[in-house]
Amino acid sequence: MNTADSSAFPPELLRDVARRRTFAIISHPDAGKTTLTEKLLLFGGAIQLAGTVKARKSSRHATSDWMEVEKERGISVTSSVMQFEYGGHTINLLDTPGHQDFSEDTYRVLTAVDAAVMVIDAAKGVEAQTIKLLEVCRLRNTPIITFINKLDREVKNPFDLLAEIEDVLKIECAPITWPLGSGKAFHGVWHLLHQHLLRFAAGEETRSQAEIIAGLDNAQLDALFPLEIGQLRDDVELLSGAANPFSLDDFLAGRQTPVFFGSGINNFGVQEILQALIDWAPPPQPRDAGARFVAPAEAPFTGFVFKIQANMDPRHRDRIAFFRICSGRYSSGMKVKHVRANREIKLANALTFMANERVHKEDGVAGDIIGIHNHGQFQIGDTLSEGEALGFRGIPYFSPELFRAARLRDPLKAKQLQKGLQELGEEGAIQVFTLDDGSFLLGAVGQLQFEVVAQRLKDEYKVDAIFENADIHTARWLTFPDEGSRKNFEREQFSRFARDVDGNPVYLASSRYNLDVTMEKWPQVQFHATREHGEKLA
Ligand code: G4P
């Protein structure tokens, strides 16, 4: 597959695309994602006062228009987009839901970024949700920058933390900074590339730049940190022989992660993360659009929908399709082609995102996100172009981990239930499977998705549905060598056979063992744990 000839790219677009950095923060709840987001925005000048994001996090349910489920639980199901300027670059930070009950949205946001910052709590090490999120990043070899947070607390040994990341997450670590002490005796980090100490002083979190002390043999270090400096010198010597040197190529290929230590709440080590994003994280890259790869500085506008947010504004009961620009330039009022629907639409009042609300933005280039009002015309994975028949790939459905059977309180509402589930399934709020007997099975990766769907069925479709536990362990999409084998399989496995919202065949396994046995019995049938949005399976 070819990309367009780069000499033909408009120079201004090339320049603007090269300045873009689009990333997400991945972490287990409580590792410090919100705190880090806030400090990044502070550096970007996008917010003036620390506490803004945090305040928003806790007051969201009171001030915003989120759904009842969110209000009750005081959490946000949504992810938003924050854009800010730093060091001559335009940075897009895509927020992911912060609650343990994360959903498919979290996964999908990761399909729209070019890099991720992984936050790890230094006292806890690698936690469950980080493992899941990293697996998703790995599908696209997304480059990862690691921030080991909370060094101001009693923490695990830094060598053990690196070993844990390498063992559990199977990604090579290249330490860039290294802690001098920890907990009450945390004094800063040694920058292994710059060969200087960035000094930490508690209570100085408003300083934009830490004090720098150069040279590991500097007598000032002995005078200031007599108890800890010996350990740092030993560590640095050990690292010079044993640690992986940073390799930009390995980082960009997703094989190696540069590791930084710090304390988000103290605004310490955060600037180094921003610098790494600018210096090392990639600008928007060419993307697979089915027929060909699309380069970000090509003049024609293209992009895809990676997330649909319902009820951003309950007064209008609208939905917003979040759209990642993959090439060209967005301008308000432009006409584009909705490739799947095969029709032209006008992008009249798309939303652009700035963390600093005082700035209104009317344009965007590859890497930026725009929000388009959606009245049901968009599905996850939909492509927009200026006429070319493209279909961006790499936006997968994941096999759900939780299943519920949907049942009606009022059997007369069967039509509404079907319509509601079909639309919510197409929108990507939940995965909907129809069984041979016409009953519905819902699949999700987070429990909250069920609650949101129950609420939306009630509000938007006037259907009171009950979701009951289903004896399903996992689902696999199926492809068959021919029509005959599909029919055989469907006949013999009818009780475990279903169709997804796009009519694709699916096997519903009651256990891992059941799946293994079935796969063994049907070697000619392929069982897939993911499928592409919009993909039609045989
Ligand atoms: P999350 O978005 O990943 O869920 O994490 P969040 O930033 O909300 O941080 C979780 C808790 O960890 C918060 O404490 C926060 O203040 C704390 N924290 C974040 N970074 C650091 C750090 O560098 N050092 C220390 N010691 N703590 C840190 P909380 O008690 O839950 O909230 P709050 O009362 O402080 O607001």
Side-chain angles (χ1 to χ4, degrees), residues 23-43 47 49-62 70 73-82 93-103 105-106 109-110 116-134 137 144-156 158 161 177-189 198-207 210 259-274 355 446 448:
F23 79 106
I25 303 178
I26 57 174
S27 73
H28 192 84
D30 276 342
K33 182 169 66 79
T34 311
T35 308
L36 181 63
T37 301
E38 178 181 298
K39 304 298 179 190
L40 290 171
L41 294 178
L42 204 56
F43 271 110
I47 53 171
L49 282 173
T52 310
V53 178
K54 197 81 196 176
R56 210 189 60 184
K57 183 183 179 185
S58 53
S59 67
R60 255 178 202 160
H61 60 293
E70 294 178 296
R73 302 176 59 155
I75 53 167
S76 172
V77 189
T78 58
S79 335
S80 55
V81 181
M82 288 160 265
L93 168 51
L94 276 54
D95 194 17
T96 50
H99 193 266
Q100 201 133 13
D101 274 332
F102 76 119
S103 69
D105 267 356
T106 320
V109 166
L110 297 176
V117 171
M118 172 167 76
V119 182
I120 288 183
D121 183 331
K124 295 189 175 149
V126 176
E127 296 175 89
Q129 196 153 312
T130 315
I131 300 174
K132 278 187 181 180
L133 293 167
L134 202 85
C137 290
I144 311 280
I145 295 167
T146 299
F147 182 62
I148 301 189
N149 191 26
K150 306 196 187 182
L151 263 290
D152 58 316
R153 286 192 178 165
E154 291 310 318
V155 297
K156 290 188 176 182
L161 283 164
T177 63
W178 197 258
L180 170 61
S182 71
K184 288 202 170 59
F186 177 56
H187 298 302
V189 293
L198 295 160
R199 188 178 176 188
F200 170 70
E204 292 194 11
E205 61 268 23
T206 49
R207 265 171 95 125
V259 179
F260 295 83
F261 291 83
S263 170
I265 198 126
N266 290 294
N267 204 8
F268 186 78
V270 175
Q271 200 169 13
E272 283 63 42
I273 298 292
L274 270 175
L448 192 62

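Numbering of ligands and ligand atoms starts at 1, following listing order. Every value quoted in this text rests on a predicted model; they were computed, and no experiment measured them.
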Taking distance alone, with N or O pairs closer than 3.5 Å, would you say [X] contacts ligand 1?
X      : value
Gly264 : yes
Leu36  : no
Pro29  : no

[X]: numbered ligand 1 atoms lying under 4.0 Å from its heavy atoms:
X      : value
Arg153 : 25 (C), 26 (N), 27 (N)
Ser27  : 3 (O)
Asp30  : 1 (P), 3 (O), 4 (O), 5 (O), 10 (C), 12 (O)
Lys33  : 1 (P), 2 (O), 3 (O), 5 (O), 7 (O)
Ser263 : 22 (C), 23 (O), 24 (N)

- line: Nearest non-hydrogen contact to atom 26 (N) of ligand 1 from the set Ile25, Asp152, Leu151, Thr37 belongs to Asp152

task: Mind checking salt bridge (charged side-chain N to carboxylate O under 4.0 Å, His left out) for Asp121 and listing every partner two or more places apart, or none if nothing turns up?
output: Lys150

task: Report the C-alpha separation of Leu42 and Glu38 in whole Å, then their side-chain angles, then the decisive distance to 0.1 Å, and conclude whether the side-chain contact (heavy atoms from CB on, under 4.5 Å) test is met.
output: CA-CA 6 Å; Leu42 204 56; Glu38 178 181 298; 5.8 Å; no

query: Applying the side chain to side chain contact (heavy atoms under 4.5 Å, CB included) test to Leu36, which of Val117, Asn267, Leu93 qualifies?
result: Val117

Partner of Phe23 under side chain to side chain contact (heavy atoms under 4.5 Å, CB included), chosen from Ile144, Leu40, Ile273, Ile145: Leu40

- request: Please confirm whether Asn266 comes under 4.0 Å of ligand 1, counting heavy atoms of the residue only.
  value: no

message: As a quick check of understanding, evaluate ring pair (Phe, Tyr, Trp, His ring centres under 6.0 Å) for Phe200 and Phe268, giving each step before the final call.
response: CA-CA 7 Å; Phe200 170 70; Phe268 186 78; 5.2 Å; yes

query: Backbone N or O of Phe261 within a donor-acceptor pair of the Thr177 side chain at under 3.5 Å?
result: yes

Let me check something: any side-chain donor-acceptor pairs from residues 178-189 under 3.5 Å, sequence neighbours excluded? List them with distances.
{"from": "Trp178", "atom 1": "NE1", "to": "Asp235", "atom 2": "OD2", "distance (Å)": "2.9"}
{"from": "His187", "atom 1": "NE2", "to": "Ala185", "atom 2": "O", "distance (Å)": "3.4"}
{"from": "His187", "atom 1": "NE2", "to": "Glu228", "atom 2": "OE1", "distance (Å)": "3.2"}

